[in-house]
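Everything on this sheet refers to the single structure shown next.
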Amino acid sequence: MSTVQPIDRVEGTAIPLRGDNIDTDRIIPARFLKAITFSGLGDHVFADDRRSMPGHPFADPAYAGASILLVNRNFGSGSSREHAPQALMRWGIGACVGRSFSEIFLANATTIGLPCLTAEPDDIAALMAAAEAEPVTRLAVSVRNLSLTAGGRTVPLHLPAALRDAFLSGQWDATGLLLHRFDDVHRVASRLPYLTGF
């Protein structure tokens with residue numbers, strides 16, 4: 001039986017990705033959406049950008065293994081494809097911190113347990129500069145404290161209260177909640193006439 005998994009801290013190095021309005025078509029190009037599962041999507045994150053933009057962070061070995069993605073404004077805009085946050089998470093990203101996120105991207109990310117928190121522009125700029133200067137710098141994101149710490153500096157983060165509560169309680173995982181109380185679900189289903197045929 002599944003257990004509900006609260007999410008609070010995400011720790012690791014950061015990968016800085018500069019630019020506003022980076023859309024889901026760039027995060028995971030459409031030709032990689034033909035598979036019937038999300039397996040392997042991480043290999044194709046920013047596939048076209050990595051090929052056409054020398055020095056792209058997702059092609060830079062210095063950021064291999066990073067778990068916190070730093071972005072600018074309106075990240076994840078464009079199409080509503082749920083594959084975009086799936087691909088990032090399967091690449092290894094455990095949290096995103098940026099100036100702002102597309103509403104649909106934010107919803108899709110929350111559904112899979114990928115916190116997307118916002119910070120002030122000056123703080124994002126400083127964090128990106130630090131990650132570029134010292135890619136080995138370790139960061140810690142706390143959903144509970146709404147903070148990011150890096151190299152002795154603490155940055156305040158923002159997350160809507162409902163999303164913060166969902167991460168901390170494990171309610172972000174709708175399937176996990178159903179499986180966690182599967183006996184209750186089964187009891188209710190056994191009384192529903194459109195399921196029992198009576």
Which heavy-atom pair separates Pro115 from Gly94 by the least distance, and what is that distance? CD-O, 3.2 Å

So, taking the atom named CG in Asp60 and the one named CZ in Arg50, what distance separates them when rounded to the nearest 0.5 Å? 12.0 Å

Apply side-chain contact (heavy atoms from CB on, under 4.5 Å) to Phe105 and Ile27, showing your working. CA-CA 11 Å; Phe105 178 89; Ile27 296 170; 4.1 Å; yes

Set out, in order, the CA-CA distance, both residues' side-chain angles and the distance that settles side-chain contact (heavy atoms from CB on, under 4.5 Å) for Tyr63 and Thr13, then state yes or no. CA-CA 8 Å; Tyr63 300 113; Thr13 57; over 6 Å; no

How about CD on Glu103, more than 12 heavy atoms from neighbouring residues, nucleotides or ligands closer than 6.0 Å, or not? no

Rounded to the nearest 0.5 Å, what separation is found between the CG atom of Leu159 and the CG atom of Leu117? 4.5 Å

Which value, rounded to the nearest 0.5 Å, describes the distance between Leu88 atom CG and His83 atom NE2? 13.0 Å

Give the C-alpha distance, both sets of side-chain angles, the deciding distance and a yes or no for side-chain contact (heavy atoms from CB on, under 4.5 Å) between Leu157 and Thr118. CA-CA 6 Å; Leu157 301 178; Thr118 58; over 6 Å; no

Carboxylate-amine/guanidinium contact Asp48 Arg31, below 4.0 Å: yes

For the pair Phe75 and Phe46, name the ring-plane relationship: parallel under 30°, tilted 30 to 60°, perpendicular over 60°. tilted

So Ile7 and Leu168, do their side chains get closer than 4.5 Å, heavy atoms only? no

If you measure from CH2 on Trp172 to CD on Gln5, what distance do you get to the nearest 0.5 Å? 7.5 Å

Write down the atom of Thr137, the atom of Leu139, and the distance for their closest heavy-atom approach. O-CD1, 3.3 Å

If you take all heavy atoms of Val45 and Trp91, which pair is closest and at what distance? CG2-CB, 4.0 Å

Residues two or more places apart in sequence or in another chain: which of them pass salt bridge (Lys or Arg N to Asp or Glu O under 4.0 Å) with Arg26? Asp49

Cys116, Pro85, Cys96, Ser100 screened by side-chain contact (heavy atoms from CB on, under 4.5 Å) with Leu106, the one that passes: Cys116

For Val97 and Leu148, run side-chain contact (heavy atoms from CB on, under 4.5 Å): C-alpha distance rounded to whole Å, both residues' side-chain angles, the deciding distance at 0.1 Å, then the answer. CA-CA 9 Å; Val97 176; Leu148 182 156; 3.9 Å; yes

Hey, are Asn21 and Asn74 close enough side-chain-wise for a donor-acceptor pair under 3.5 Å? yes

Which atoms form the tightest heavy-atom contact between Arg164 and Val143, and what is the distance? NE-O, 3.2 Å

Under the salt bridge (Lys or Arg N to Asp or Glu O under 4.0 Å) rule, what do Glu132 and Arg18 come out as? Steps first, then yes or no, please. CA-CA 11 Å; Glu132 288 168 345; Arg18 294 185 180 274; 2.8 Å; yes

Write down the atom of Gly12, the atom of Ile68, and the distance for their closest heavy-atom approach. O-CD1, 4.1 Å

Steps toward side-chain hydrogen bond (donor to acceptor under 3.5 Å, both in side chains) verdict (Ser80, Asn108): CA-CA 8 Å; Ser80 61; Asn108 286 336; 5.8 Å; no

Apply salt bridge (Lys or Arg N to Asp or Glu O under 4.0 Å) to Asp25 and Arg81, showing your working. CA-CA 8 Å; Asp25 298 320; Arg81 66 184 62 164; 2.6 Å; yes

Side chains of Leu17 and Leu70: does their closest heavy-atom pair fall under 4.5 Å? no

If every non-hydrogen atom of Val10 is compared with every non-hydrogen atom of Ser67, which pair is closest and at what distance? CG1-O, 4.2 Å

Answer yes when Arg153 and Asp123 have at least one side-chain N-carboxylate O distance shorter than 4.0 Å, and no when they do not. yes

Donor + acceptor pair across side chains of Thr154, Ser147 (<3.5 Å): no

Taking the side chain as everything from C-beta on, heavy atoms only, tell me whether Gln86 gets closer than 4.5 Å to Ile112. yes

On the 0 to 90° scale, with breaks at 30° and 60°, tag the His56-Phe58 ring pair as parallel, tilted or perpendicular. tilted

